[in-house]
Amino acid sequence: MERTGLGVIGCGFFAQNHLHAWTDLASKGVDIVAVCDVDEAKARAAAEKFGVTNWYKDAETMFRNEKLDLVDIVTRVETHRDVVRQAIRHRVPTIVQKPFGPDLAACRAMADEAQKAGIFLAVHENFRFQVPMRKITDLLRAGTIGTPSWGRISFRTGYDIYKGQPYLAHEERFVLIDLGVHVLDMARVVLGEVDHLSAELQRRNPNVRGEDTATMLLRHRSGAVSIVECTYESRRVPDVFPETLLELEGPKGAIILKPGSVLDVTVEGKTTTHDVDAPVLKWAERPWHIIQESVLATCEHMLKSLRAGRPADTAASDNVRTFGLVEAAYEAGSSGRAVRFA
Ligand SMILES: NC(=O)c1ccc[n+]([C@@H]2O[C@H](COP(=O)([O-])OP(=O)(O)OC[C@H]3O[C@@H](n4cnc5c(N)ncnc54)[C@H](O)[C@@H]3O)[C@@H](O)[C@H]2O)c1
């Protein structure tokens, strides 16, 4: 079996899911050879919990000491550019968590640097790897409802995300960067590239710094139209965090992803209902299990792509297009005008 020696940089809140997923992938030849966090206690704790021999508080030392086949960067966005550059300099294939970078220029620069150096660089954009989304993309590929011409993608919650990620309340650019990247990525996956987009942004929670609600209207190059929305300030019950709801209409029928991971597929007037809930992995817990299973699926996809010598579906160059939509939504939100893509 092929062996892949892995380093993980960042051992905070979300990295725990990555470390579990990579540990599960030991059966596929993944060996976590080192973990790294500038906070020594977190690096040590991760090494102990996941049985990793070597831990570092400095990525440069880790890159120099270890022979890595892959590095997974699970730090916050403001560090991505420096750490990704470091990885490219050391010629180590790299995965970096979303959001890819703090702005479009930084994302483009990282993608260009990786391309010039011929280094695998992928963004851990996991929403398209969730069980319901995998099922929906399979249905679309099979032409089940024909080419969709209308869609709605929606992530609305009031779940206390500030408990696990208190830093989010202080972000100047908030929900579009944190959540918009996911729902806009899904819009590209199901309806294709975008011709123009308009957006209304709101800060409905007075205790956060940035916008917490985004409502966007997209015209896709195919002619399809979609409404793409996300908020961390919804008071609806039931609160289906962290589910993304999705509706698609095509010439032959409709695909409706409803709360509780229930998928209605209507073809020529006849509806079939599917349970598309994710399994609760042994290290996972509700309600996070959908996300946690998608982390495993994303890591496995990255591993397969790397070994096959092909870019990941969410390669840097692909994610730059998703990030372009985020940047356009900020522009449209402040100007009040639709933003067109070249
Ligand atoms: N895809 C998803 O579903 C999802 C969900 C939650 C968070 N995230 C993303 O995960 C990333 C991490 O978020 P988090 O909530 O775990 O943050 P966190 O602050 O809990 O963890 C980040 C860790 O990185 C460490 N760190 C910072 N700079 C470093 C460096 N240069 N070298 C080594 N370690 C360094 C910090 O000490 C910290 O322990 C963010 O980009 C966030 O958007 C993704």
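Start at 1 and go down the list; that is how both ligands and their atoms are numbered. Positions are given from 1, in the same order as the sequence printed here.
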Please determine if [X] has a nitrogen or oxygen closer than 3.5 Å to a nitrogen or oxygen of ligand 1.
X	answer
Phe14	yes
Asp37	yes
His124	no
Val38	yes
Thr79	no

Please work out which of the three classes, parallel, tilted or perpendicular, describes the rings of His90 and Phe63, given edges at 30° and 60°. parallel
Would you call the rings of Phe129 and His301 parallel, tilted or perpendicular, where under 30° means parallel and over 60° means perpendicular? tilted
Do [Y] and [X] meet the salt-bridge criterion of a basic N to acidic O distance under 4.0 Å?
X	Y	answer
Arg44	Glu48	no
Lys135	Asp138	no
Arg173	Asp103	no
Lys57	Asp39	no
Arg64	Glu66	no

When you measure from [atom] to every protein heavy atom, which one gives the shortest distance, and what is it?
atom	result
atom 19 (O) of ligand 1	Arg76 NE, 2.8 Å
atom 1 (N) of ligand 1	Asn126 OD1, 2.8 Å
atom 11 (C) of ligand 1	Thr75 O, 3.4 Å
atom 44 (C) of ligand 1	Gln97 OE1, 3.3 Å
atom 21 (O) of ligand 1	Gly12 CA, 3.4 Å
atom 12 (C) of ligand 1	Val74 O, 3.4 Å
atom 7 (C) of ligand 1	Gln165 NE2, 3.3 Å
atom 41 (O) of ligand 1	Lys98 O, 2.9 Å

Crowded around Arg337 CZ? As in, over 12 foreign heavy atoms under 6.0 Å? no
Around atom CD of Glu200, are there more than 12 heavy atoms of other residues, nucleotides or ligands at under 6.0 Å? no
Starting at CD of Glu268, measure out to NZ of Lys252 and round the result to the nearest 0.5 Å. 6.5 Å
Report, in ascending order of atom number, the atoms of ligand 1 lying under 4.0 Å from any heavy atom of Ile291. 3 (O)
One finds that the ligand 1 atoms under 4.0 Å from a non-hydrogen atom of Ile9 are 32 (N), 33 (C)
Look at the side chain of Glu78 and the backbone N and O of Pro102, then say whether any donor-acceptor pair between them is shorter than 3.5 Å. no
Within-shell test, Pro99 vs ligand 1, heavy atom, strictly < 4.0 Å: yes
Under 4.0 Å, counting heavy atoms only: does Lys57 come that close to any atom of ligand 1? no
Option whose closest heavy atom lies nearest to atom 13 (O) of ligand 1, chosen from Phe13, Phe127, Phe129, Tyr167: Tyr167
